[in-house]
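A short worksheet on the structure shown next.
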Amino acid sequence: VACTGAGVSVESGITPFRTYGPQKGGEKGSIWGTFDAGKMTSAGFNKDPECTKAWWRMKHSLYREFEGAKPNPAHEFFAKLERDGKLAGVVTQNIDSLHTRAGVPPEKVLEIHGHMRGLICSDKISDLNPLPFKQGTCSFEMTDAEARRQRYFADEELPLCPVCACPLRTQTVMFGQPMPNGAVQRACDLIAAADLLVVIGSTLIVEPANELPGVALLNGCPLVIINFDDTSYDKFATGLVRQPAGAFLADVTAKLGR
């Protein structure tokens, strides 16, 4: 099982939410170095028009990166394990869909923080939008293909629902909202049954994802961490790698091929 955070996609050209890697200097060069994380809450989105607009400016920025990004050798490594019949699943905090684009089947990718595919009305209740904009009475949604075709991510505008005029939103977890129903338990079950857990590119400070390596350790599962930053689990890891994940796993793939 793989458990991945933003660091696995840095080599694909995607800006991490928090500063990742050997560089220092606060959050400069990260999403939270550009946008105010304290305002990116579900309550802010639903109650403060300025927060809603700021959230959409962030999403437009991310979407431009996602559109040009390609899976790197770290994503492709797990797709290869899937083809070889050795992958139980991927638990990811990422919303960029690069694991599925690399070839891991969608049913084997557990996106615990949601995704950026398609749009829904913010007043439509779903597992990834449990706190609606108003009363939760709208049902409007559009597919990823429709959102791309209508260029909803093309500029800095705040897109509104054509049915009720509430803001549209992606199905991603905001600060202050509950996690998707059952997602964490499914992740725990997957990891509890694993014979190896590989954690990549996560600071392991965001709850509840930071509890997942503990599930592996409690079940006697070896833990490999590929990360530039220190984590609270480093001393328990069977393997600790301080290299870019793509470069390291490209080398692993080549060695496995030989």
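Residues take their numbers from the sequence shown, with the count starting at 1.
- Between Leu223 and Leu217, some side-chain heavy-atom pair lies under the 4.5 Å cut-off.
- As a member of the Ile/Leu/Val/Met/Phe/Trp/Tyr network built from side-chain separations under 4.5 Å, Ile120 groups with nothing else and remains a singleton.
- For the pair Pro178 and Leu131, the minimum side-chain heavy-atom distance is below 4.5 Å.
- Residues Val91 and Leu204 share a hydrophobic cluster, clusters being chains of Ile/Leu/Val/Met/Phe/Trp/Tyr side chains in contact below 4.5 Å.
- The two residues Phe248 and Gln243 come nearest to each other via the heavy atoms CD1-OE1, 3.5 Å.
- The two residues Val8 and Ala74 come nearest to each other via the heavy atoms CG2-CB, 3.7 Å.
- Annotation for Gln177 and Pro130: closest pair NE2-CD, 3.5 Å, computed over non-hydrogen atoms.
- Ionic pairing of Lys235 and Asp230 is not present here: no N-O contact between side-chain nitrogen and carboxylate oxygen is shorter than 4.0 angstrom.
- A donor-acceptor pair is defined here as one N or O able to donate and one able to accept, closer than 3.5 Å; no such pair exists between the side chain of Lys124 and the backbone of Thr137.
- Within the 3.5 Å criterion, the main-chain N or O of Gly118 finds no donor-acceptor partner in the side chain of Arg148.
- In this structure a side-chain-to-backbone donor-acceptor pair under 3.5 Å is present from Asn219 to Val215.
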Let me check something: any side-chain donor-acceptor pairs from residues 186-200 under 3.5 Å, sequence neighbours excluded? List them with distances.
from	atom 1	to	atom 2	distance (Å)
Arg186	NH1	Asn181	O	3.4
Asp189	OD1	Gln185	NE2	2.8

Kindly indicate, with the supporting measurements, whether the criterion side-chain contact (heavy atoms from CB on, under 4.5 Å) is fulfilled by Phe78 and Leu249.
CA-CA 9 Å; Phe78 294 104; Leu249 289 174; 4.1 Å; yes

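- Residues Pro71 and Ser12 have side chains not in contact (no heavy-atom distance under 4.5 Å, counting atoms from C-beta outward).
- No path of Ile, Leu, Val, Met, Phe, Trp and Tyr side chains, each step under 4.5 Å between heavy atoms, connects Val1 with Val252, placing them in separate hydrophobic clusters.
- Each of Asp144, Asp96, Ile95 was compared with Met116 under the side-chain contact (heavy atoms from CB on, under 4.5 Å) criterion, and only Ile95 meets it.
- Counting heavy atoms from C-beta on, the side chains of Thr170 and Lys59 come closer than 4.5 Å.
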Determine, stepwise, if the pair Tyr152 / Glu146 fulfils side-chain contact (heavy atoms from CB on, under 4.5 Å).
CA-CA 9 Å; Tyr152 273 85; Glu146 289 171 331; over 6 Å; no

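- Distance alone, capped at 3.5 Å, places no donor-acceptor pair between the Gln150 side chain and the Ala147 backbone.
- Inter-residue side-chain proximity for Cys166 and Leu160 is flagged as unmet; no heavy-atom pair is nearer than 4.5 Å.
- By the ring-ring contact (aromatic ring centres under 6.0 Å, His included) test, Phe77 is found to be paired with no residue, residues two or more places apart in sequence or in another chain being considered.
- Checking Thr15 against Glu65 by side-chain atom types alone, a donor-acceptor pair falls below 3.5 Å.
- Summarising the geometry, atom CD belonging to Glu157 is positioned 11.0 Å from atom CZ belonging to Arg57; distances are rounded to the nearest 0.5 Å.
- For Phe153 and Trp56, the distance between ring centers is under 6.0 angstrom.
- Nearest heavy-atom pair, Leu98 versus Ala69, reported as atom, atom and distance to 0.1 Å: CD2-O, 4.2 Å.
- A donor-acceptor contact shorter than 3.5 Å is absent between the side chain of Arg83 and the backbone of Lys86.
- The distance from the CZ atom of Phe66 to the NE2 atom of His115 is 12.0 Å, given to the nearest 0.5 Å.
- Asn129 has its side chain out of reach of Ile125: every pair of non-hydrogen atoms, C-beta onward, lies at least 4.5 Å apart.
- Atom CG of Asn46 and atom CZ of Arg169 lie 8.0 Å apart (nearest 0.5 Å).
- Side-chain polar atoms of Lys134 and Ser122 form no donor-acceptor pair below 3.5 angstrom.
- Using modelled atom types, no side-chain atom of Asn227 and backbone atom of Thr203 make a donor-acceptor pair closer than 3.5 Å.
- For the atom pair Cys138 SG and Asp123 CG, the distance stands at 6.0 Å (nearest 0.5 Å).
- Not a single donor-acceptor pair under 3.5 Å links the side chain of Ser97 to the backbone N or O of Thr100.
- The distance from atom CD1 of Ile226 to atom CZ of Arg242, rounded to the nearest 0.5 Å, is 11.5 Å.
- More than 12 heavy atoms of other residues, nucleotides or ligands sit less than 6.0 Å from atom CD of Glu107.
- Taking the charged nitrogens against the carboxylate oxygens, Glu111 and Arg117 do have a contact shorter than 4.0 Å, which makes a salt bridge.
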Intermediate values then yes/no, side-chain contact (heavy atoms from CB on, under 4.5 Å), Ile205 and Asn210
CA-CA 6 Å; Ile205 59 174; Asn210 63 345; 5.5 Å; no

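- By the neighbour-count criterion of 12 heavy atoms within 6.0 Å, atom NZ of Lys53 is sparsely surrounded, having that number or fewer from other residues, nucleotides or ligands.
- For the atom pair CZ (Phe140) and SG (Cys161), the distance works out to 5.5 Å, reported to the nearest 0.5 Å.
- Side-chain contact between His113 and Thr172 is absent, with no heavy atoms from C-beta onward closer than 4.5 Å.
- Between the side chains of Gln93 and Ser202, at least one donor N or O lies within less than 3.5 Å of an accepting N or O.
- Using a 4.5 Å cut-off between side-chain heavy atoms of Ile, Leu, Val, Met, Phe, Trp and Tyr, with links allowed through other members, Ile112 and Val104 fall into different hydrophobic clusters.
- A 4.5 Å side-chain heavy-atom check between His60 and Tyr63 finds every atom pair outside the cut-off.
- Taken together through direct or relayed side-chain contacts under 4.5 Å among Ile, Leu, Val, Met, Phe, Trp and Tyr, Leu158 and Leu168 form part of one hydrophobic cluster.
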Is there a side chain to side chain donor-acceptor pair (under 3.5 Å) between Asp234 and Thr231? Walk through the geometry before answering.
CA-CA 6 Å; Asp234 288 0; Thr231 80; 2.7 Å; yes

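- Leu128 and Leu110 fall within a single hydrophobic cluster, where Ile, Leu, Val, Met, Phe, Trp and Tyr are joined by side-chain heavy atoms under 4.5 Å apart, directly or via other members.
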